[in-house]
Amino acid sequence: TRGTIENVTIKGGHRGIGTTSEYRATGEIRIKNVDLDGENCGLYIGSGDNQGAMYVENSSLGSQTVFNKLTHAQFTNCTFHWNASGTKGNMTAYNNVTIVGCRFENLVLEDGTVKLYTIAFSNSVDGLTMTLEDCYVGDTLITPENINRLLKVQPRKCTIQVRNTGR
């Protein structure tokens, strides 16, 4: 329900770290130096009346990243990538989120086809904001001009803003 998870590697599980509707995040969740690569949701904070904020630092988040009804989510110096089997590569937000200094990795197939990493909001929420600050796809800095070419973006009725500080 609250606490810190750090210095852990979780590979091949259905859900790496997370909750379901029966379990709620009631306090601050901190995830640091974690490597997740599950078959379904690497990081999943489920539905319910969650009341805490989530802070994720220096972690590798493969598969699907989903967080629902937190007060806020922040990712710092993380990598978002496709899972080992190449079946998931997306983040779905149900609340405001700040993403700072992170990398998104697209999946390049053997034939050269590129499957873009997806960032999206749930279609059940409106008016939220996702801020990408000093983030990259591979070695390319994400800008307002190139975000739609580098990532599959589904803002629905929410806002995705890109800021670069030159750091």
Side-chain angles (χ1 to χ4, degrees), residues 2-13 15-19 25 27-46 50 52-84 86 88-108 114-121 128-155 158-167:
R2 73 186 83 207
T4 300
I5 300 169
E6 60 185 325
N7 304 320
V8 175
T9 297
I10 300 172
K11 299 277 186 189
R15 289 204 171 132
I17 293 176
T19 64
E28 190 174 277
I29 299 170
R30 292 197 169 272
I31 298 171
K32 188 173 183 179
N33 299 320
V34 170
D35 183 5
L36 297 175
D37 196 9
E39 286 301 310
N40 189 4
C41 292
L43 177 61
Y44 178 85
I45 305 299
N50 296 317
M54 178 176 66
Y55 301 94
V56 183
E57 299 175 53
N58 304 318
S59 294
S60 178
L61 305 170
S63 185
Q64 195 172 14
T65 300
V66 178
F67 41 98
N68 186 5
K69 296 189 179 179
L70 296 164
T71 56
H72 180 76
Q74 181 168 322
F75 297 85
T76 306
N77 299 323
C78 293
T79 300
F80 299 93
H81 59 87
W82 286 77
N83 71 0
K88 299 280 183 181
N90 64 291
M91 168 191 286
T92 304
Y94 288 74
N95 55 279
N96 293 324
V97 59
T98 304
I99 304 169
V100 180
C102 294
R103 292 190 180 276
F104 296 87
E105 301 296 339
N106 293 325
L107 179 65
V108 181
V114 177
K115 293 174 78 175
L116 301 181
Y117 192 93
T118 301
I119 55 174
F121 285 96
L128 298 176
T129 301
M130 177 183 293
T131 302
L132 300 174
E133 182 177 303
D134 299 323
C135 292
Y136 290 80
V137 172
D139 293 328
T140 304
L141 180 67
I142 298 171
T143 66
E145 295 78 28
N146 70 13
I147 188 171
N148 290 318
R149 182 175 48 84
L150 297 174
L151 297 168
K152 185 175 178 183
V153 179
Q154 298 174 337
C158 298
T159 301
I160 297 176
Q161 40 183 333
V162 177
R163 293 194 307 225
N164 292 305
T165 64
R167 287 186 264 171

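Index from 1, following the sequence.
When the ring pair (Phe, Tyr, Trp, His ring centres under 6.0 Å) test is applied to Phe121, no partner is found at least two apart in sequence or on another chain. Scored by the side chain to side chain contact (heavy atoms under 4.5 Å, CB included) test, Val108 finds Val114 as partners (sequence neighbours excluded). Here Asn33 pairs with Asn7 under the side-chain hydrogen bond (donor to acceptor under 3.5 Å, both in side chains) rule; sequence neighbours left out.
To the nearest 0.5 angstrom, Leu141 atom CG is 7.0 Å from Asp134 atom CG. The CD1 atom of Ile160 sits 8.5 Å away from atom CG of Leu151, with the distance rounded to the nearest 0.5 Å. The CD1 atom of Ile5 sits 7.0 Å away from atom CD1 of Ile10, with the distance rounded to the nearest 0.5 Å. Distance check, rounded to the nearest 0.5 Å: CD of Gln64 to CH2 of Trp82 gives 10.5 Å. Note that CG of Asp35 and CG of Asn58 are 12.5 Å apart. Values are rounded to the nearest 0.5 Å. Here the CG-CG distance, from Asn90 to Asn83, works out to 10.0 Å after rounding to the nearest 0.5 Å.
For Asn106 (side chain) and Gly138 (main-chain N/O), no donor-acceptor pair under 3.5 Å exists by modelled atom type.
Between Thr98 and Glu133, the closest side-chain pair of non-hydrogen atoms is not below 4.5 Å. Between Leu132 and Ile99, some side-chain heavy-atom pair lies under the 4.5 Å cut-off. Leu116 is not listed as a side-chain neighbour of Arg149, based on a closest heavy-atom distance of 4.5 Å or more. Taking 4.5 Å as the limit, some side-chain heavy atom of His81 sits within range of a side-chain heavy atom of Ser60. When side chains are defined from C-beta on, Leu128 does not count as touching Tyr94, because their heavy atoms never get closer than 4.5 Å. Counting heavy atoms from C-beta on, the side chains of Met91 and Leu61 never come closer than 4.5 Å.
Closest non-hydrogen pair, Ile142 versus Asn164, comes out as O-ND2, 3.1 Å.
Ion pairing between a basic and an acidic side chain is recognised when a charged N comes within 4.0 Å of a carboxylate O; Arg30 and Glu28 show such pairing.
Ring orientation note: the planes of Phe80 and Phe75 are nearly perpendicular, at an angle over 60° on the 30°/60° scale.
Counted within 6.0 Å of NZ on Lys152, heavy atoms from surrounding residues, nucleotides or ligands total 12 or fewer; the atom is thus considered open.
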